[in-house]
Amino acid sequence: QVMLVESGGGSVQAGGSLTLSCEVSGFNATLYCMAWFRQATGREREGVTGIFTDIYGAYYADSVKGRFTVSRDNAKNTLTLQMNNLKFEDTGIYYCVALREFCYRDYLPPPTTTTFWGQGTQVTVSS
């Protein structure tokens, strides 16, 4: 059974930090681009970051460059998102996503019908 379980969401003031974690199981995550997407109320879903391997670099949306850092540990089947200097506009539900496609510094593929999703974790940043 495929599972992606996020943790670490919460509420923080602007300028603060949060760390999101995702534990995956039930599939070979090394074959997937592991990513974080977010959905804010009234806004389109956004691909925040994605990583396949460190060799090819990680993709970051312009809105989070320099503030967010993604990492993965294939031995532990985990994906981590360190979020610093959080802004009000970072508020939303963050989803751990497994994309059966390659990604790199300049490219994050869109989700497809074969994409795996976690249940999401809420991040709320107060200004």
Side-chain angles (χ1 to χ4, degrees):
Q1 180 183 3
V2 171
M3 294 186 68
L4 295 85
V5 181
E6 302 99 336
S7 61
S11 297
V12 65
Q13 289 190 331
S17 298
L18 282 174
T19 302
L20 304 183
S21 298
C22 175
E23 293 189 32
V24 306
S25 60
F27 66 103
N28 184 357
T30 62
L31 301 179
Y32 288 73
C33 169
M34 295 304 301
W36 291 94
F37 280 69
R38 67 186 179 188
Q39 177 81 62
T41 302
R43 299 177 63 179
E44 291 189 1
R45 184 177 59 195
E46 176 185 22
V48 176
T49 181
I51 182 169
F52 194 88
T53 73
D54 290 336
I55 295 175
Y56 300 109
Y59 169 90
Y60 293 98
D62 288 342
S63 58
V64 305
K65 282 181 180 177
R67 301 188 297 120
F68 289 12
T69 302
V70 67
S71 61
R72 64 185 294 172
D73 186 333
N74 289 333
K76 297 181 179 179
N77 286 328
T78 58
L79 179 72
T80 302
L81 181 63
Q82 176 65 43
M83 304 185 294
N84 297 327
N85 190 22
L86 282 160
K87 302 178 180 181
F88 174 76
E89 51 266 38
D90 294 319
T91 296
I93 301 174
Y94 284 68
Y95 297 93
C96 177
V97 178
L99 301 147
R100 189 62 172 93
E101 195 173 337
F102 184 62
C103 63
Y104 57 96
R105 186 180 59 191
D106 299 321
Y107 176 67
L108 181 68
T112 69
T113 56
T114 61
T115 297
F116 299 143
W117 294 80
Q119 81 286 354
T121 185
Q122 177 71 44
V123 171
T124 302
V125 184
S126 57
S127 57

Examine [X] and [Y] and state if one hydrophobic cluster contains both, with Ile, Leu, Val, Met, Phe, Trp and Tyr joined whenever side-chain heavy atoms are less than 4.5 Å apart.
| X | Y | result |
| --- | --- | --- |
| Trp36 | Phe68 | yes |
| Leu31 | Val2 | yes |
| Tyr32 | Phe52 | no |
| Ile93 | Val70 | no |

Pairwise side-chain contact, [X] with [Y], heavy-atom cut-off 4.5 Å (strictly under):
| X | Y | answer |
| --- | --- | --- |
| Val97 | Thr115 | yes |
| Ser126 | Phe88 | no |
| Arg67 | Met83 | no |
| Thr112 | Arg100 | no |
| Ile55 | Tyr104 | no |
| Cys33 | Leu108 | yes |
| Tyr94 | Val123 | yes |
| Ile51 | Leu79 | yes |

**Request:** Show your reasoning for whether side chain to side chain contact (heavy atoms under 4.5 Å, CB included) applies to Tyr95 and Leu20.
**Result:** CA-CA 10 Å; Tyr95 297 93; Leu20 304 183; over 6 Å; no
**Message:** Quick one, Val64 with Arg38, criterion side chain to side chain contact (heavy atoms under 4.5 Å, CB included). Give me CA distance, side-chain angles, the key distance, then yes/no.
**Reply:** CA-CA 12 Å; Val64 305; Arg38 67 186 179 188; 4.0 Å; yes
State the [atom1]-[atom2] distance between [X] and [Y], to the nearest 0.5 angstrom.
| X | Y | atom1 | atom2 | value |
| --- | --- | --- | --- | --- |
| Leu86 | Thr124 | CG | OG1 | 10.5 Å |
| Cys22 | Met3 | SG | CE | 10.5 Å |
| Gln122 | Glu6 | CD | CD | 12.0 Å |
| Ser17 | Asn85 | OG | CG | 8.0 Å |
| Glu23 | Thr80 | CD | OG1 | 9.5 Å |

**Prompt:** Between Arg105 and Tyr59, is NZ or CZ placed under 6.0 angstrom from the six-membered ring centre and within 45° of the ring axis?
**Reply:**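 Checked: cation-pi criterion not met.
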**Message:** Please evaluate residues Lys87 and Asp90 with respect to the criterion salt bridge (charged side-chain N to carboxylate O under 4.0 Å, His left out), reporting the C-alpha separation (whole Å), side-chain torsions for both, the decisive distance (0.1 Å), and the verdict.
**Reply:** CA-CA 5 Å; Lys87 302 178 180 181; Asp90 294 319; over 6 Å; no
Looking only at non-hydrogen atoms, find the nearest pair between [X] and [Y] and report the distance.
| X | Y | value |
| --- | --- | --- |
| Val125 | Thr91 | N-OG1, 2.9 Å |
| Phe37 | Pro109 | CZ-O, 4.1 Å |
| Cys103 | Gly50 | SG-C, 3.8 Å |
| Leu4 | Phe116 | CD1-CB, 3.6 Å |
| Ala29 | Arg72 | O-NH2, 2.7 Å |
| Val24 | Cys96 | CG1-SG, 4.4 Å |

[X], [atom1] atom: more than 12 neighbouring heavy atoms under 6.0 Å:
| X | atom1 | value |
| --- | --- | --- |
| Phe27 | CZ | yes |
| Asn28 | CG | yes |
| Glu101 | CD | yes |
| Phe102 | CZ | yes |
| Gln82 | CD | yes |

